[in-house]
J.: 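Can you read through this structure? Questions will come right after.
Reminder, nothing fancy here: chain letters follow the sequence lines and each chain counts from 1.
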Number of protein chains: 2
Amino acid sequence: MNDSLIISNEFYSFLTGKVSTAISRRLQRNLKAGKLNITAEQWTILYHLWQEEGLTQQELANLTFRDKPSITRLINNLEKMTLVIRVNDKQDRRSNLIYLTKEGRKLREEGMKQSLLTLQEATAGLEIEELRAAQIILDKVFHNIK
Amino acid sequence: MNDSLIISNEFYSFLTGKVSTAISRRLQRNLKAGKLNITAEQWTILYHLWQEEGLTQQELANLTFRDKPSITRLINNLEKMTLVIRVNDKQDRRSNLIYLTKEGRKLREEGMKQSLLTLQEATAGLEIEELRAAQIILDKVFHNIK
DNA sequence: ATAATTAGGTTGCCTATGCAATTAAACAAG
DNA sequence: CTTGTTTAATTGCATAGGCAACCTAATTAT
């Protein structure tokens, strides 16, 4: 058994979600503490819309690494909550352009605040260089299997 | 805006599941290619049982970082598939001890093979030292927010 | 002993996800 | 044109997840 096998179990458990689900749950808790009634997944959609509105569902799927049906349902729920609206694209009638409602825009400040807090909690005591190093390694992993 | 904010977006997207969902999907595909009709989540349960049978559901919950209801349902499905069985603990009648069936044990070789393949695909071209470094950093993150 | 608390599991409710199949619009080729 | 292909989105089906409430068995305290 070589070195890569020796470390595999531990490393595997990290990559298969241990850390990311912990972060996701923490984000969820922080959002709730900030009186935001949205899920962590809904946050990822809103996050991109807070940066740029009028994205198509396909673009949101690419940005959040989900499949199209997942986006359809997330947008369904966000629309029910009147945080976003679908606007049919006049240029390409197959596409929906997703816009925030006033209500959706109002959540931006608190949403960004709670996600930044989550990030700070997650990376407390870590050096910038460590974070960069981890990012580079994870990036390589992602490109291997994406 | 300080350094930690500058890198936050990228790093955040990695931590919130980009890499782990990619691995999970790859594992799922590899299991299927190996003719194993189990989900990646079921694999994580079987993985621990292949190492030690007779674990309680609570122990499996701790090992896989899931809550108890999630384990209840995973075991329900695995039991329906006749891969595991619940055995009521005579010492502590609150607990179920989970054992593999013959059929469940038979999946071990192929299951481990496909997960090892997935790990190798994910970490191709990476140095052992890089993996160790990433593991240490992710471990710190996990301990910050677990 | 008995009451109060803790611990293991289950159920209900709601959200999220992946895959496969489908519809409808856009585009390309003949 | 019109046929064939690609692309955006939706729907169906099945699994999985968290949280809260609950039940029962075990443990602790009085």
J.: I'd like to know if R26(A) and E121(A) make a salt bridge, using a cut-off of under 4.0 Å between side-chain N and carboxylate O.
T.: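 Looking at R26(A) and E121(A), the cut-off is met.
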J.: Does a side-chain N or O from T21(B) land closer than 4.0 Å to OP1 or OP2 of dT17(C), or not?
T.: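 The answer is no; no side-chain N or O of T21(B) sits under 4.0 Å from OP1 or OP2.
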J.: Please say yes or no: joined through hydrophobic side-chain contacts below 4.5 Å, possibly via intermediate residues, are Y99(A) and L107(A) part of one cluster?
T.: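 Different clusters: Y99(A) never reaches L107(A) through Ile, Leu, Val, Met, Phe, Trp or Tyr contacts under 4.5 Å.
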J.: Side chain of P69(B), heavy atoms from C-beta onward: which of dG18(C), dT10(C), dA16(D) has the nearest atom to it?
T.: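 Of the options given, the side chain of P69(B) lies nearest dT10(C).
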J.: Nearest heavy atom decides the nucleotide; on that basis, is K90(A) or D92(B) closer to the 5' end of DNA chain C?
T.: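 Between the two, 5'-proximity favours D92(B).
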J.: Look at the side chain of R29(B) and the base of dG18(C), then say whether one donor and one acceptor between them are separated by less than 3.5 Å.
T.: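 Result: no qualifying N/O pair found.
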J.: When the nearest nucleotide of DNA chain D is assigned to N76(A) and to E41(B) on a heavy-atom basis, which residue is associated with the more 5' position?
T.: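 Its nucleotide being nearer the 5' end, the pick is N76(A).
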J.: Reckon R86(A) touches a base, only the sugar-phosphate, or nothing at all at heavy-atom distances under 4.0 Å?
T.: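 Counting heavy atoms under 4.0 Å across all strands, the contact made by R86(A) is with sugar-phosphate only.
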J.: Quick one: the side chain of R94(B) and the base of dT24(D), do they pair up donor-acceptor inside 3.5 Å?
T.: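 Per atom types, no contact qualifies.
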J.: Report which part of the nucleic acid S95(A) touches: base, sugar-phosphate, or nothing (heavy-atom distance under 4.0 Å, all strands).
T.: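 Sugar-phosphate, no base atom in range.
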J.: Measuring to OP1 and OP2 of dA8(D), would you say a side-chain N or O of Q57(A) lies under 4.0 angstrom away?
T.: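 Result: no.
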J.: Is any NZ, NE, NH1 or NH2 atom of the basic residue among E41(A) and R66(A) found under 4.0 Å from an Asp or Glu carboxylate oxygen of the other?
T.: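 No, E41(A) and R66(A) are not salt-bridged.
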J.: May I have the distance from E79(B) (atom CD) to dG9(C) (atom P), rounded to whole angstrom?
T.: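 About 13 Å, once rounded to whole Å.
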J.: Taking the nucleotide of DNA chain D with the closest heavy atom to each, which residue, K32(A) or Q58(A), is nearer the 5' end?
T.: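 Result: Q58(A).
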J.: Please state whether the phosphate of dG18(C), meaning OP1 or OP2, lies under 4.0 angstrom from any side-chain nitrogen or oxygen of T39(B).
T.: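 Checking T39(B) against dG18(C): no side-chain N or O falls below 4.0 Å of OP1 or OP2.
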J.: Specify the closest pair of heavy atoms between Q42(B) and N77(B), including all atoms of both residues, with the distance to one decimal.
T.: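 Looking at all heavy atoms of both residues, the shortest contact is NE2-CB, 3.9 Å.
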J.: What's the separation between atom CD in Q57(B) and atom NZ in K68(B), rounded to the nearest 0.5 Å?
T.: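 NZ of K68(B) is found 10.0 Å from CD of Q57(B).
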J.: Roughly how many Å is it from CG in N77(A) to P in dT11(D), rounded to a whole number?
T.: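 Roughly 13 Å, once rounded to whole Å.
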J.: Quick one: the side chain of R26(B) and the base of dG18(C), do they pair up donor-acceptor inside 3.5 Å?
T.: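 By the distance-only test, no, there is no pair.
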J.: Output the rounded distance in Å from CD1 (I45(B)) to P (dG9(C)).
T.: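 Going from I45(B) (CD1) to dG9(C) (P), I get 12 Å.
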J.: Check the distance between dT7(D)'s C1' and N62(A)'s CG and give it to me in whole angstrom.
T.: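 Spelled out: CG on N62(A) to C1' on dT7(D) is 12 Å.
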J.: Please give, in whole Å, the distance from dT17(C) P to K18(B) NZ?
T.: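 Going from K18(B) (NZ) to dT17(C) (P), I get 16 Å.
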J.: Tell me the interatomic distance from Q28(B), atom CD, to dA14(D), atom P, rounded to whole angstroms.
T.: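 Roughly 16 Å, once rounded to whole Å.
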J.: K68(B) has a side chain; which of dG8(C), dA16(D), dT17(C) sits nearest to it?
T.: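 Minimum distance to the K68(B) side chain belongs to dG8(C).
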J.: Would you indicate, yes or no, if dA16(D) has its OP1 or OP2 atom less than 4.0 angstrom from a side-chain nitrogen or oxygen of R66(B)?
T.: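 So the side chain of R66(B) is outside the cut-off, no N or O lying under 4.0 Å from OP1 or OP2 of dA16(D).
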J.: Answer with base, sugar-phosphate or nothing: what part of the nucleic acid does D89(A) contact at a heavy-atom distance below 4.0 Å?
T.: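 If one applies the 4.0 Å heavy-atom cut-off, D89(A) turns out to touch nothing in the nucleic acid.
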J.: Do K35(B) and E110(B) meet the salt-bridge criterion of a basic N to acidic O distance under 4.0 Å?
T.: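 Answer for the salt bridge query: no.
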J.: Rounded to whole Å, how long is the line connecting atom CG of D67(A) with atom C1' of dA21(C)?
T.: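 Result: 14 Å.
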J.: Using a strict cut-off of less than 4.0 Å between a Lys/Arg side-chain nitrogen and an Asp/Glu carboxylate oxygen, indicate whether R132(A) and E127(A) qualify as a salt bridge.
T.: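 So R132(A) does not pair with E127(A) through a salt bridge.
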J.: By nearest atom, which of the nucleotides dA16(D), dT10(D), dT11(C) is closest to the L74(B) side chain?
T.: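 Given the options dA16(D), dT10(D), dT11(C), the side chain of L74(B) is closest to dA16(D).
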J.: Should N96(B) be listed as having a side-chain N or O under 4.0 Å from OP1 or OP2 of dT10(C)?
T.: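 Checking N96(B) against dT10(C): at least one side-chain N or O falls below 4.0 Å of OP1 or OP2.
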J.: Quick one: is S70(A) getting a side-chain N or O under 4.0 Å of the dG18(C) phosphate, OP1 or OP2?
T.: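 Yes, within the criterion.
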J.: Here's a test of your reading of the structure: between R93(A) and Q42(A), which maps to the more 5' nucleotide of DNA chain C?
T.: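 By nearest-heavy-atom nucleotide position, the 5'-most residue is Q42(A).
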J.: Between P on dT15(C) and CD1 on I75(A), what's the gap in Å once rounded to a whole number?
T.: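 About 15 Å, once rounded to whole Å.
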